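Below is one structure, written out as structure tokens; the observations come after it.
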Amino acid sequence: MRVLIDTIDSFKICSALDNEVFHDFEDCLQEECAVAVSADYITTRNIKDFSISRVPAISPDEFILKYQ
């Protein structure tokens, strides 16, 4: 398992602001960072908010089952 960390920069902020698909800015920013690092998943308790994400979302329980 790889854990990737990315920084938020002006490009990601502008991309998130321009994104008309997501209704929540913070969710969109998380997706922008996940795309930037080619993440396999976004781990969240709010999977439904990422139904349109380019990076699939999984729950914390799914994450633990997948990587234990």
Side-chain angles (χ1 to χ4, degrees):
M1 173 181 62
R2 301 175 310 162
V3 175
L4 303 172
I5 298 173
D6 194 26
T7 59
I8 297 173
D9 56 28
S10 60
F11 177 78
K12 290 182 195 78
I13 291 171
C14 289
S15 292
L17 288 170
D18 287 340
N19 187 321
E20 295 179 3
V21 178
F22 273 86
H23 297 291
D24 185 272
F25 173 72
E26 289 84 2
D27 290 349
C28 187
L29 199 50
Q30 289 177 23
E31 191 228 17
E32 291 291 337
C33 290
V35 168
V37 298
S38 300
D40 295 326
Y41 304 102
I42 295 172
T43 303
T44 179
R45 289 187 177 94
N46 242 345
I47 292 175
K48 66 178 172 43
D49 288 354
F50 292 89
S51 63
I52 43 118
S53 175
R54 295 171 284 175
V55 178
I58 61 173
S59 71
D61 291 337
E62 289 174 292
F63 178 83
I64 290 169
L65 288 173
K66 190 177 274 294
Y67 292 104
Q68 57 173 279

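Not measured: the values here are computed from a predicted model.
Contact record, T44 with F50: CG2-CD1, 3.8 Å, taken as the closest heavy-atom pair. A34 and V55 get closest at one heavy-atom pair: CB-CG2, 3.9 Å.
Sorted by first and then second residue, the salt bridge (charged side-chain N to carboxylate O under 4.0 Å, His left out) pairs with a member in residues 21-38 read E31-R54, E32-R54; sequence neighbours excluded.
Of the inter-residue distances, the one linking I58 atom CD1 with Y67 atom OH reads 6.0 Å to the nearest 0.5 angstrom. Here the CD1 atom belonging to I13 is positioned 12.0 Å from the CG atom belonging to D18, to the nearest 0.5 angstrom. Note that OG of S59 is 8.0 Å distant from CG of L65, once rounded to the nearest 0.5 Å. Here the SG atom belonging to C28 is positioned 12.0 Å from the CG atom belonging to D49, to the nearest 0.5 angstrom. Separating the CD1 atom in I42 from the SG atom in C33 is a distance of 9.5 Å, to the nearest 0.5 Å.
K66 has its side chain within reach of Y41: a pair of non-hydrogen atoms, C-beta onward, lies under 4.5 Å apart.
Connection of V35 to V21 is established within a shared hydrophobic cluster, with ILVMFWY side chains joined at heavy-atom distances below 4.5 Å, either directly or through further cluster members.
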(message) The test is side chain to side chain contact (heavy atoms under 4.5 Å, CB included); show your working for L29 and I8 and say whether it passes.
(response) CA-CA 8 Å; L29 199 50; I8 297 173; 3.8 Å; yes

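For D9, the salt bridge (Lys or Arg N to Asp or Glu O under 4.0 Å) test picks out K12, with sequence neighbours left out.
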